[in-house]
K.L.:
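Questions regarding the structure given below will be posed in turn.
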Amino acid sequence: MNPFSSGTRLRDMIRAIRACKTAAEERAVVRKECATIRAAVSENDQDYRHRNLAKLMFIHMLGYPTHFGQMECLKSIASAGFPEKRIGYLGLMLLLDERQEVLMLVTNSLKQDLNHTNQYIVGLALCALGNICSAEMARDLAPEVERLLQFRDPNIRKKAALCSIRIIKKVPDLAENFISPAAALLKEKHHGVLITGVQLCTDLCKVSTEALDYFRKRCTEGLVKVLKDVVNSPYSPEYDMSGITDPFLHIRFLRLLRILGQGDADASDCMNDILAQVATKTEPNKNAGNAILYECVETIMSIEDNSGLRVLAINILGRFLSNRDNNIRYVALNMLMKAIAVDAQAVQRHRATILECVKDSDASIRKRALELIFLLVNESNVKPLTKELIDYLEVSDQEFKEDLTAKICSIVEKFSPEKQWYIDQMLKVLSEAGNFVKDEVWHALIVVISNAPDLHGYTVRALYRAVQTSGEQESLVRVAVWCIGEYGEMLVNNVGMLNIEEPITVTESDAVDVLEIAMKRHTSDITTRAMSLIALLKLSSRFPSCSQRVKEIIVQHKGGLVLELQQRSIEFNSIIERHQNIRPALVERMPVLDEATYSGKRAGSLPPTVSTSTGSSLNLPNGVAKPPAAPLVDLLDLTSDDAPAPSSSDGDFLQDLLGVDLAPIPSLSGTSQAPPSGTDVLLDLLSIGTPPPVQTNPSTPIISSPSQNSQTSVAPLERLSSLSSPLSTQVSSPAGASPIVDLLDGLSPSLSMPDNKAQESNFSGDNNGLVYPSIVAFQSGSLKMMFSFSKPPGNPQTTIIQATFTNMSSNVYTDFIFQAAVPKFVQLHLDPASSNSLPASGNGSVTQKFRVTNSQHGQKPLAMRIRIAYKVNGQDVLEQGQINKFPAGL
Amino acid sequence: MYSSFYHIHFVLLISRQGKVRLTKWYSPYSQKERSKVIRELSGVILTRGPKLCNFVEWRGFKVVYKRYASLYFCMCIDQDDNELEILQIIHHFVEILDRYFGNVCELDLIFNFHKAYFILDEILIAGELQESSKRTIARLIDAQDSLVEIAKEQASSISNMIAQVTK
C-alpha cells in the first residue's frame with residue numbers, strides 16, 4: 001500500500017486551491033485532484049475514501065461537478081465505522097438531493113442505521129433522512145422514525161421529531177400516525193425536544209384537520225401552562241439569550257397557539273392572559289425580545305377578536321415603527337400590512353411615519369412602506385398622499401422610480417375624484433418619470449382626455465409647457481404629440497381657458513416645432529415618430545400657414561429606413577398634394593374614444609380595483625396599468641379574496657383573438673415598448689385605404705382588421721354587454737387574469753366557444769366556498785372533457801381534478817392518452833386513466849384524476865395546456881388546447 | 001414548495017469577496033439553480049450598505065443575512081416567517097462556531113468546513129431549529145469527534161500490528 005497513491009491531504013489541496021491566482025490555475029488544480037479521486041474510485045480504494053469524499057465536498061462547494069462521487073457516499077455509509085458513516089452522510093446531503101434516483105439505494109442503509117445500537121449513528125441517519133428524504137423513502141421509513149420519537153435519549157427524540165416533519169410534508173397521509181406521539185412530546189422538559197415537538201404539532205395541524213382538532217381540544221390548556229412556566233422561569237445560563245430564557249421556545253409556542261386559536265373562540269379565550277403577559281412583560285430592547293413580541297403580535301392578530309389585546313398589539317407595532325433600528329422598522333411595516341385587515345383606522349394613524357419610510361435610504365424598507373401606503377390610500381386622503389409621492393418621485397433613486405411610478409399611476413387611476421386632478425397628476429408623473437410609465441397608463445390618459453371636452457384646451461396647453469421642460473420623457477412626448485395633433489388650434493388660440501390658467505402665446509409654428517422635434521430627436525422610437533407624422537398631417541389642414549412646412553417635414557421621411565414611417569410619409573404626402581378636397585374631412589378630430597369599452601377591456605385583463613367615478617360621464621379607466629410581474633399586482637392579489645364575481649376576461653380575450661378590435665386603443669401592448677405598427681388605432685384609422693383615401697365616417701366604429709372566422713358575431717355581443725351598462729367597467733375580474741391572457745397566445749380558436757359556456761357556469765357559481773363549479777374544459781367536434789374540482793382539507797394549494805371524457809362521434813377512440821402541462825409554479829401529478837378506450841356516441845366515458853399544487857395560490861390562477869391523442873379506425877388523432885378559466889381560488 | 005410551512009430553505013455562508021464557504025439546501029434546488037441563487041444573492045447582499053436592514057426580498061422569498069467579520073451568514077425564508085428569529089438563529093450558530101473553534105475566523109471554516117457542517121446539522125434539520133442549548137450542541141459534537149478519534153487510533157494500531165506481522 002503506497003501512502004502517496006491518493007495524492008495530497010485535504011488541507012494541502014485547500015491550500016493549493018487558495019494559492020491559485022487565476023481561475024484557470026484553479027481549474028487545473030481541481031482537474032488534477034478530480035482525476036486522482038476518479039482513479040481511486042475505480043480502484044475501489046477504501047483507505048482514502050474518507051479523505052476523497054471530503055475533498056469532493058470542497059470541490060463541489062467551488063461549483064465543480066462531482067457526480068462521480070455519489071456512489072462513494074453510499075459505500076461510505078454502508079461501511080461499519082462511525083467516521084466513515086459520518087462523512088458519508090455529510091456527502092450524501094451535500095452532493096445529492098431528493099430528486100436523484102441514486103438516493104433510493106440508500107434506503108436500506110438508512111433503515112439499518114436507524115436501528116443501530118450506537119445512538120450517534122442513529123442520529124446521523126435521522127439527520128440525513130430529515131434533510132433529503134423523498135416521498136418513497138418517507139413511506140418506507142416512517143415506522144422507524146415514529147418508534148424513535150420514544151427513544152430513551154432526548155437528543156434522538158428531537159431529531160426524530162424534525163424528521164417526522166419532513167415525512168408528513170412529503171406524505172400528508174401519514175400524519176395521523178404521528179399525532180399521539182407528537183402530543184406526548186409536549187409534556188417533555190428537555191428544551192430541544194419541546195422545541196421540535198411543538199414544531200411537529202404545528203406542522204401536523206397544517207396538514208391534518210384531525211390533528212388540529214385533537215391538539216385544540218386536548219393540548220391548548222397544557223400549552224398555555226407550559227408557556228407560562230417558560231415565561232416566568234428564573235435565569236438559566238444554558239438557555240439565556242440577552243436576558244430572555246430561550247426565545248426560540250417562546251416563538252414556537254406562540255406559533256402553535258396561533259394555529260389553535262384561529263377560528264376557535266374557546267381556545268382563543270384560553271390564551272388571552274398569557275398573550276397579554278408576553279406582550280407587556282417581554283423586554284423590547286434586544287433582538288431576542290423583539291422577535292418574541294413580533295410573533296406575539298402576529299398571534300394576537302390571528303386569533304379570535306379580543307379588542308384589548310389588539311390595542312396592545314397595535315401599540316407594539318407603533319413602538320416598532322418609531323424604533324431607530326431598521327430591522328425593527330421593517331418588520332413593523334410588514335406587520336402593519338396584516339393589521340390593516342384587523343383595524344385599518346389604527347394603521348391610518350401611523351400614515352405620516354409610514355410615508356417617511358417610503359423615503360428611506362434602505363430599499364427593503366422603501367418597498368414595504370410603499371406597498372403599505374398603497375393599501376392606505378382612500379378617497380379622503382388620495383390628494384395629499386399623491387402629492388407627497390409625486391414630490392418624492394423627483395428625488396428618488398432611479399431603480400425605485402419604476403415601482404413608485406406604477407403605484408402612483410395606480411392610485412391616481414383608482415381614486416381620482418375629478419378629471420382635472422387626474423390629468424394634472426398624470427402630467428406631473430409623465431414629466432417626472434415618463435420613461436417608466438407603462439403603455440396602458442398613457443393610453444388610458446388619452447382616452448380620459450378625449451372624454452373631457454371642457455379640458456381639451458387646458459390639457460394641450462399644459463402638455464405644451466411640460467414638453468418644453470421634460471422633452472426627454474418619451475411617453476409625455478407621445479401624449480403631447482397626440483393632443484397637439486387633435487387640439488392644436490386650442491393651443492394656439494387659448495381656447496377654453498380655465499380661471500386658474502395663465503394665458504400663453506403659442507404660434508402655429510411653435511406647435512409644429514414640438515412635432516418636428518419629436519420626429520427628429522434621435523431617441524424617439526418608432527411609435528413616437530409615427531404618432532408625430534399623423535399629428536403633422538392633422539395640423540397641415542388646421543394650420544394653413546404651416547402647411548408647406550409640414551409637407552416638407554413629411555417628405556423628409558419618404559426615404560426613411562423604417563418601412564412603416566416611409567409608407568406613412570409617402571401616403572400622407574399624397575393626401576396633402578393630390579387629395580386637397582377630401583383632406584379636411586379625412587383629418588377631422590378623432591371621435592370621442594369610448595371609455596366604457598376601453599376600461600372594460602382593461603378591467604378584463606387586469607386585477608380588480610374599485611372605480612370611484614363621481615358621475616356617469618366620469619368613468620375613469622380603472623385597474624392597474626402593469627403586467628402581472630409587477631409587485632403591485634401581487635399586492636392587489638392580497639385584496640382579491642373579497643372580490644366580487646369575475647368579469648368577462650375571456651370574452652375580452654375572444655375579441656383579441658378574433659382581431660376585432662372595437663376599442664379605439666389597444667389595451668394590451670404586452671411589451672413595454674409599443675409594437676412598431678398596427679397597434680395604434682389612430683394609425684390604423686388613417687392607414688386604411690390610403691391612397692386612394694376612403695371616406696370613412698368617423699362616427700362609426702371601425703373594425704380595424706378583418707375577422708378571421710365565422711365567430712365574429714360573438715364580438716358585437718361582447719361589446720353590447722359592456723356598453724349596455726356603464727357599470728360593467730366596475731366589475732372586477734378574477735385576480736391576475738392577465739397571465740392567462742399571456743398564455744393564451746397560442747390558443748386555437750376552436751377552444752374559445754366552449755370557453756364561454758364554461759365561463760357562464762363559472763359566473764353563477766360562488767367562487768369563495770369550497771365548492772367549485774365543474775367546467776367544460778375542452779370541446780372539439782366530438783370530444784368533450786369536463787373538469788370537476790375538489791380540495792383536500794388543510795391544503796389550499798392543492799386541487800384534485802377529475803377529468804371526464806366523452807366521445808360523441810360514432811367511432812370508438814382507442815389508445816386514448818391525455819397529457820397536460822402546467823406553468824412552472826404549478827406541480828402536476830397525473831393518476832392513470834380509467835381506460836384507454838373511449839366508447840362511441842357518448843356511451844360511457846373515461847375518467848382520469850390528477851392533482852395540481854399551485855405554489856402561487858391566491859396570486860396566480862391555474863392554467864394548463866392539454867394534449868389528447870387517440871386513434872380512430874387506426875388513424876392517429878391529436879388534439880391540443882389550453883385551459884385558462886379554472887374557477888377562481890384554485 | 002410548501003410555502004405555508006415555515007422553514008429555512010437554505011443557508012449560505014459567503015465571504016466578502018463572494019466566495020462560498022458553506023451551503024446547505026433544505027428545499028430542492030438543482031445544481032444549476034443553486035449556482036444561480038448564489039450568484040444572484042451575493043450580488044444583492046454584498047453590495048448593501050452597513051446601516052441598512054438585514055432583510056432582502058428576493059423572488060418572493062426573504063433572505064435574512066448578517067455579517068460577522070469577513071463572512072456573510074444568509075438564510076432564506078418565506079415571506080411570512082419571523083425575520084428577527086432567523087437573525088437570532090444565525091447568531092446562535094455563530095456563537096456555537098465561536099465556542100467550538102475558539103474565536104472562529106474565516107480560515108477555520110475553510111480548512112474545517114466539514115466541522116462547520118457537522119455543527120450546523122446539530123442546529124438545524126429539515127430547515128427547522130433543533131436545539132437551543134449551546135452546551136448540549138457542544139457536548140454532542142465533542143462526543144462524536146471523540147468517536148472519530150478512537151476509531152483512528154484503533155485503525156493505526158491495527159495497521160501497526162499488521163505491519164509488524166508482515167515484516
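Below, chains carry the letters A, B, ... as their sequence lines are ordered, and counting in each starts from 1. In what follows, every heavy atom counts, from backbone to side chain, and hydrogens, waters and symmetry copies are set aside.
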K.L.:
Looking at A/Tyr239, does the NZ or CZ of B/Arg135 lie under 6.0 angstrom from its six-membered ring centre and within 45 degrees of the ring axis?
P.N.:
no

K.L.:
For the pair A/Asp325 and B/Lys51, evaluate salt bridge (charged side-chain N to carboxylate O under 4.0 Å, His left out) and give the outcome as yes or no after the intermediate values.
P.N.:
CA-CA 9 Å; A/Asp325 183 343; B/Lys51 291 250 171 72; over 6 Å; no

K.L.:
Please determine whether ring pair (Phe, Tyr, Trp, His ring centres under 6.0 Å) holds for the pair A/Phe248 and B/His92, giving the CA-CA distance in whole Å, both sets of side-chain angles, and the decisive distance to 0.1 Å.
P.N.:
CA-CA 10 Å; A/Phe248 301 123; B/His92 190 51; 5.4 Å; yes

K.L.:
Measure the NZ-NE2 distance between A/Lys169 and B/His7 for me, rounded to the nearest 0.5 Å.
P.N.:
5.0 Å

K.L.:
So which of A/Arg329, A/Arg255, A/His190 has the biggest tally of heavy-atom pairs under 4.5 Å with chain B?
P.N.:
A/Arg255

K.L.:
May I ask you to decide if B/Asn54's main-chain N or O and A/Asn327's side chain share a donor-acceptor pair within less than 3.5 Å?
P.N.:
yes

K.L.:
Counting only non-hydrogen atoms closer than 4.5 Å, does B/Phe113 touch chain A with its backbone (N, CA, C, O), its side chain (CB onward), both, or neither?
P.N.:
side chain

K.L.:
Please identify, among B/Thr23, B/Leu22, B/Leu129, B/Asn82, the residue contributing the most non-hydrogen atom pairs under 4.5 Å to chain A.
P.N.:
B/Asn82

K.L.:
Minimum heavy-atom separation for A/Leu90 to B/Phe118, with atom names?
P.N.:
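That would be CD2-CE2, 3.7 Å.
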
K.L.:
Who wins among A/Ile251, A/Asp246, A/Leu249 for the most heavy-atom pairs under 4.5 Å with chain B?
P.N.:
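Of A/Ile251, A/Asp246, A/Leu249, A/Ile251 has the most heavy-atom pairs under 4.5 Å with chain B.
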
K.L.:
Can you tell me which portion of B/Ser30 sits under 4.5 Å from chain A's heavy atoms? Options are side chain, backbone, both or neither.
P.N.:
both

K.L.:
Nearest heavy-atom pair of B/Ala126 and A/Gly130: which atoms, and what distance?
P.N.:
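Looking at all heavy atoms of both residues, the closest pair is CB-O, 3.3 Å.
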
K.L.:
Please flag which part of A/Leu194 lies under 4.5 Å from any non-hydrogen atom of chain B: side chain, backbone, both or neither.
P.N.:
neither

K.L.:
Any luck finding a side-chain donor-acceptor pair between A/Tyr294 and B/Glu85 under 3.5 Å?
P.N.:
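B/Glu85 and A/Tyr294 do not have a side-chain donor-acceptor pair below 3.5 Å.
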
K.L.:
Heavy-atom cut-off 4.5 Å, strictly under: side chain, backbone, both or neither for A/Arg252 against chain B?
P.N.:
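Just its side chain gets close to chain B.
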
K.L.:
Against chain A, label B/Ile86 side chain, backbone, both or neither, depending on which of its atoms sit under 4.5 Å from a heavy atom there.
P.N.:
neither

K.L.:
Side chain, backbone, both or neither: which part of A/Leu94 has a heavy atom under 4.5 Å from chain B?
P.N.:
both

K.L.:
Considering only heavy atoms and a distance below 4.5 Å, find which of A/Met241, A/Glu238, A/Lys338 pairs most often with chain B.
P.N.:
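Between A/Met241, A/Glu238, A/Lys338, the count favours A/Glu238.
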
K.L.:
Of all of A/Ile195, A/Leu124, A/Ile87, which one pairs up most often with chain B through heavy atoms under 4.5 Å apart?
P.N.:
A/Ile195

K.L.:
Passes salt bridge (charged side-chain N to carboxylate O under 4.0 Å, His left out), A/Lys159 versus B/Glu131? Steps please.
P.N.:
CA-CA 9 Å; A/Lys159 285 186 162 70; B/Glu131 179 59 68; over 6 Å; no

K.L.:
A/Ile121 versus chain B, heavy atoms under 4.5 Å apart: side chain, backbone, both or neither?
P.N.:
neither

K.L.:
Identify which of B/Arg21, B/Lys24, B/Arg48 forms the greatest number of heavy-atom pairs closer than 4.5 Å to chain A.
P.N.:
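The candidate making the most pairs under 4.5 Å is B/Arg48.
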
K.L.:
Quickly, which of A/Asn131, A/Leu126, A/Leu129 forms a side chain to side chain contact (heavy atoms under 4.5 Å, CB included) with B/Ile125? Name it, please.
P.N.:
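For B/Ile125, the side chain to side chain contact (heavy atoms under 4.5 Å, CB included) check succeeds only for A/Asn131.
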
K.L.:
Need one label for A/Asn118: side chain, backbone, both or neither, based on atoms under 4.5 Å from any heavy atom in chain B.
P.N.:
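Only the side chain of A/Asn118 comes within 4.5 Å of chain B.
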
K.L.:
Is there side-chain contact between A/Asn334 and B/Lys62, with at least one heavy-atom pair below 4.5 Å?
P.N.:
yes

K.L.:
Can you find a pair of side-chain heavy atoms, one from A/His50 and one from B/Lys152, that are under 4.5 Å apart?
P.N.:
no

K.L.:
Please state whether the side chain, the backbone, both or neither of B/Ser133 comes within less than 4.5 Å of a heavy atom of chain A.
P.N.:
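Its backbone and side chain both get close to chain A.
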
K.L.:
Is the shortest side-chain heavy-atom distance between A/Arg18 and B/Lys19 below 4.5 Å?
P.N.:
no

K.L.:
Any heavy-atom pair between the side chains of A/Ser361 and B/Leu52 that's under 4.5 Å?
P.N.:
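With C-beta onward as the side chain, the pair touches.
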
K.L.:
Are the side chains of B/Leu84 and A/Glu295 in contact, using a 4.5 Å heavy-atom criterion?
P.N.:
no

K.L.:
Drop me the distance from A/Ile132's CD1 to B/Tyr26's OH, to the nearest 0.5 angstrom.
P.N.:
12.0 Å

K.L.:
Say whether B/Gln130 and A/Asn155, considering side chains only, have a donor N or O and an acceptor N or O under 3.5 Å apart.
P.N.:
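Note: B/Gln130 and A/Asn155 side chains miss the donor-acceptor criterion.
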
K.L.:
Of the backbone (N, CA, C, O) and the side chain (C-beta and beyond), which part of A/Tyr89 lies under 4.5 Å from a heavy atom of chain B, both, or neither?
P.N.:
neither

K.L.:
With a 4.5 angstrom heavy-atom cut-off, could you sort out which part of B/Ile123 is near chain A: side chain, backbone, both or neither?
P.N.:
neither

K.L.:
Of the backbone (N, CA, C, O) and the side chain (C-beta and beyond), which part of A/Leu62 lies under 4.5 Å from a heavy atom of chain B, both, or neither?
P.N.:
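Answer is neither: A/Leu62 stays 4.5 Å or more from chain B.
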
K.L.:
Among the options B/Val56, B/Asp121, B/Leu87, B/Val20, pick out the one with the most heavy-atom pairs lying under 4.5 Å from chain A.
P.N.:
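Top option by heavy-atom pairs under 4.5 Å: B/Asp121.
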
K.L.:
Give, as side chain, backbone, both or neither, the part of B/Gln31 having an atom under 4.5 angstrom from any heavy atom of chain A.
P.N.:
side chain

K.L.:
If you count heavy-atom pairs under 4.5 Å between each of B/Ile38, B/Asp80, B/Leu124 and chain A, which one has the most?
P.N.:
B/Asp80

K.L.:
Show, in sequence, the C-alpha distance, side-chain angles and deciding distance for B/Glu128 and A/Arg166, and conclude whether the salt bridge (charged side-chain N to carboxylate O under 4.0 Å, His left out) test is met.
P.N.:
CA-CA 10 Å; B/Glu128 304 282 0; A/Arg166 172 96 182 187; over 6 Å; no

K.L.:
Between B/Arg39 and chain A, with a heavy-atom cut-off of 4.5 Å, which part of the residue counts as in contact: side chain, backbone, both or neither?
P.N.:
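For B/Arg39, no heavy atom lies under 4.5 Å from chain A.
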
K.L.:
Measuring heavy-atom distances to chain A, does B/His91 have an atom under 4.5 Å in its side chain, in its backbone, in both, or in neither?
P.N.:
neither

K.L.:
Who among A/Glu298, A/Met57, A/Met93 has the most heavy-atom pairs with chain B under 4.5 Å?
P.N.:
A/Met93

K.L.:
Salt bridge check: are A/Asp240 and B/Lys134 linked by an N-O gap of less than 4.0 Å?
P.N.:
no

K.L.:
If you look at every heavy atom in B/Phe55 and A/Ser364, which pair is closest and at what distance?
P.N.:
O-OG, 2.7 Å

K.L.:
Less than 3.5 Å apart, any donor N or O on the side chain of B/Gln88 or A/Asn287 sitting next to an acceptor on the other?
P.N.:
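A donor-acceptor contact under 3.5 Å links the two side chains.
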
K.L.:
Among A/Val331, A/Val193, A/Asn290, A/Thr196, which residue forms the greatest number of heavy-atom pairs with chain B at distances under 4.5 Å?
P.N.:
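When all of A/Val331, A/Val193, A/Asn290, A/Thr196 are compared, A/Val331 has the most.
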
K.L.:
Using heavy-atom distances under 4.5 Å, tell me whether B/Glu149 contacts chain A through its side chain, its backbone, both, or neither.
P.N.:
neither

